[in-house]
Amino acid sequence: MLQLNGKVAVVTGAARGIGRSISLALSTAGADMALIDLTADSLQGVLEEVTANGSQASVHGCDITDTDAVAATFKEILEQHDAVHILVNNAGITRDNLLMRLSPEDWEAPIRTNLTGAFNCTKAAVRPMMRQRSGRIINIASVVGLIGNAGQANYAASKAGLIGLTKSTAKEFGSRGITVNAIAPGFITTDMTADLPETVTQKLTENIPLGRMGKPEDVASAVAFLASEEAGYITGQTLLVDGGMVM
Ligand code: NDP
C-alpha cells in the first residue's frame, strides 16, 4: 500500500472523471488535498468523498488558463496547507473537428487549457517544491499526443506539447529533487468519451489487447504510484495506461 501521509496534493479538473478518481486515490493513500476546478461548487461532492477518506481538503474555483487566477489560487493553497508536494495537471478539454473545419478559436482552446494551463500551474507549484527540494509533478497527457488522431489535431498537439513540457521540466528540476512525469491514458470511460457512438467504442475496443475501455481508477492508481516515494528514480517518462493499445 502506497503511503502519502503528510503530503499535500493539488489536482486540477478534480470535479469529475479522471480528476475525481485521482483525488480519491491520493486521499486514500493519506494525502491532504487541494482540489481545483472551474467552480468551487462543482467540487463539493469530491470534497465530501476525500474528507471521508480522512484528508484535510480545500476547494478552489479557478480557470487554469488565467495566469493571475492560478497565482492567487496557489497563494491560497499555501496559506491553507503550508506546502505543495504533488501537482497533478489533469484538467483538459477537447474541441474535435477535421483540420479543414477547425476555427482558430477551436484550434487554440485545447492548447490554452491542456498546455498553457499546465504551464501556469507548474510555474506556481514549483517554487514551494524547490524550497522543499522535493516534489512530484504528474501531467495527464494522452496516447493521441504520441500517435495523433484524425479530427483531433488541436488536442493531439496540446498533448504532444505537454509531453515536451514534461521532459524539459524534468531536466530543469531534477537537481532540486523534483520529478516530472506524464501519463498517457488510452480510451477511458468518462464524460469526455460518453458521446462516442456504440459502433466507435466497439471498434476501439477491438484494438485494445486487454479487451476493454479503461476506467478512471486505472489512471488514478498509476498517478498514485508516480506520486509516491517508491517512484523517486523515475522522471521525464510517459507511462501509457491504455490496455496495451499503443506499444
Ligand atoms: P472530463 O471532461 O470528465 O473532466 C475534466 C474536468 O476539467 C472537468 O471537471 C472540467 O470542468 C475541468 N476543466 C476544464 N477546463 C478547465 C479549466 N480551464 N480550469 C479548471 N478546470 C477545468 O475529462 P476526463 O476526466 O475524461 O479527462 C481528464 C484528463 O484526462 C484530461 O486532461 C483529458 O485530456 C485526459 N484524457 C482523457 C481520456 C479519456 O478517454 N477520458 C483519454 C486520454 C486523456 P467543467 O466540468 O466545468 O468543464
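Whatever order the structure lists them in is the order used to number ligands and atoms, beginning at 1. Computation of the quantities below employed the complete heavy-atom set of this structure, encompassing side-chain atoms and omitting hydrogens, waters and symmetry-equivalent molecules. Counting from 1, the numbers follow the sequence of the chain as shown.
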K.L.:
Is a donor on one side and an acceptor on the other found under 3.5 Å between the side chain of Thr116 and the backbone of Thr113?
P.N.:
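No, the answer is negative, given that no donor and acceptor are paired below the 3.5 Å cut-off.
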
K.L.:
Taking Asp218 for the side chain and Lys215 for the main chain, is one N or O donor matched with an acceptor at less than 3.5 Å?
P.N.:
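Checked: pair present.
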
K.L.:
Numbering the atoms of ligand 1 from 1, which are under 4.0 Å from a heavy atom of Ile140?
P.N.:
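Heavy-atom distances to Ile140 below 4.0 Å select 29 (C), 30 (O), 32 (O), 35 (C).
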
K.L.:
Please report the shortest heavy-atom distance between Ser158 and Pro110, naming the atom on each side.
P.N.:
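Minimum heavy-atom separation between Ser158 and Pro110: CB-O, 3.7 Å.
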
K.L.:
Do Asp32 side-chain atoms and Ala57 backbone N/O form a donor-acceptor pair below 3.5 Å?
P.N.:
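No; judged by distance alone, with no hydrogens or angles, the pair does not exist.
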
K.L.:
With respect to atom 7 (O) of ligand 1, which of Gly17, Gly13, Gly61, Ala141 exhibits the smallest heavy-atom separation?
P.N.:
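It is Gly13 whose heavy atom sits nearest to atom 7 (O) of ligand 1.
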
K.L.:
Near Gly92, which atoms of ligand 1 are under 4.0 Å from a heavy atom of that residue?
P.N.:
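Going through ligand 1 atom by atom, the ones under 4.0 Å from Gly92 are 5 (C), 31 (C), 32 (O).
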
K.L.:
Would Thr39 and Asp41 satisfy side chain to side chain donor-acceptor pair (under 3.5 Å), going step by step from the backbone distance to the final call?
P.N.:
CA-CA 5 Å; Thr39 67; Asp41 276 358; 5.8 Å; no

K.L.:
Just which atoms of ligand 1 are under 4.0 Å from any heavy atom in Thr193?
P.N.:
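Listed by number with element, the hits are 39 (C), 40 (O), 41 (N).
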
K.L.:
Can you name the atoms of ligand 1, numbered from 1 with element, that are less than 4.0 Å from a heavy atom of Ile93?
P.N.:
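Near Ile93, the atoms of ligand 1 are 14 (C), 15 (N).
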
K.L.:
Less than 4.0 Å is my threshold; does some heavy atom of Lys159 fall inside it relative to ligand 1?
P.N.:
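The answer is yes, since Lys159 has a heavy atom less than 4.0 Å from ligand 1.
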
K.L.:
Would you mind listing which atoms of ligand 1 come within a distance below 4.0 Å of any non-hydrogen atom of Tyr155?
P.N.:
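Near Tyr155, meaning under 4.0 Å from one of its heavy atoms, ligand 1 has 33 (C), 34 (O), 35 (C), 36 (N), 43 (C), 44 (C).
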
K.L.:
Which bit of Thr190 is near ligand 1, meaning a heavy atom under 4.0 Å away: side chain, backbone, both or neither?
P.N.:
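It is the side chain that touches ligand 1; the backbone stays farther off.
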
K.L.:
If the contact criterion is a heavy-atom separation under 4.0 Å, does Asp37 count as touching ligand 1?
P.N.:
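Judged by the 4.0 Å heavy-atom criterion, Asp37 does count as contacting ligand 1.
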
K.L.:
Please identify which atoms of ligand 1 are closer than 4.0 Å to at least one heavy atom of Cys62.
P.N.:
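Under 4.0 Å from Cys62, ligand 1 has these atoms: 19 (N), 20 (C).
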
K.L.:
Strictly distance-based, threshold 3.5 Å: is any side-chain N or O of Asn53 a donor or acceptor partner for the main-chain N or O of Ser55?
P.N.:
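The answer is no, because no donor-acceptor pair under 3.5 Å joins these two groups.
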
K.L.:
Would you check the N or O atoms of Pro185, main chain and side chain alike, for any that come under 3.5 Å of an N or O of ligand 1?
P.N.:
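No, there is no polar N/O contact under 3.5 Å.
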
K.L.:
Below 4.0 Å from any atom of ligand 1, is there a heavy atom belonging to Ala184?
P.N.:
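It does not, in that no heavy atom of Ala184 comes within the 4.0 Å cut-off of ligand 1.
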
K.L.:
Could you list which atoms of ligand 1 come closer than 4.0 Å to a heavy atom of Gly186?
P.N.:
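So the answer, numbered in order with elements, is 40 (O), 42 (C), 43 (C).
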
K.L.:
In the structure I gave you, are the side-chain heavy atoms of Thr201 and Phe187 within less than 4.5 Å of one another anywhere?
P.N.:
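Not touching, per the 4.5 Å side-chain cut-off.
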
K.L.:
Run the numbers on Thr169 and Val126 for side chain to side chain contact (heavy atoms under 4.5 Å, CB included), then give the verdict.
P.N.:
CA-CA 10 Å; Thr169 47; Val126 87; over 6 Å; no

K.L.:
Just going by heavy-atom distances, which of Thr113, Asp66, Asp41 is nearest to atom 15 (N) of ligand 1?
P.N.:
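Of the listed residues, Thr113 has the closest heavy atom.
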
K.L.:
Closer than 4.0 Å to some heavy atom of Ile18 - which atoms of ligand 1 meet that?
P.N.:
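Here the atoms of ligand 1 in question are 25 (O), 27 (O), 28 (C), 30 (O), 37 (C).
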
K.L.:
Take Met33 and Val46, measure what side chain to side chain contact (heavy atoms under 4.5 Å, CB included) needs, and give me the verdict at the end.
P.N.:
CA-CA 10 Å; Met33 302 299 305; Val46 186; over 6 Å; no

K.L.:
Give the C-alpha distance, both sets of side-chain angles, the deciding distance and a yes or no for side chain to side chain contact (heavy atoms under 4.5 Å, CB included) between Leu87 and Ile137.
P.N.:
CA-CA 5 Å; Leu87 167 66; Ile137 300 174; 4.2 Å; yes

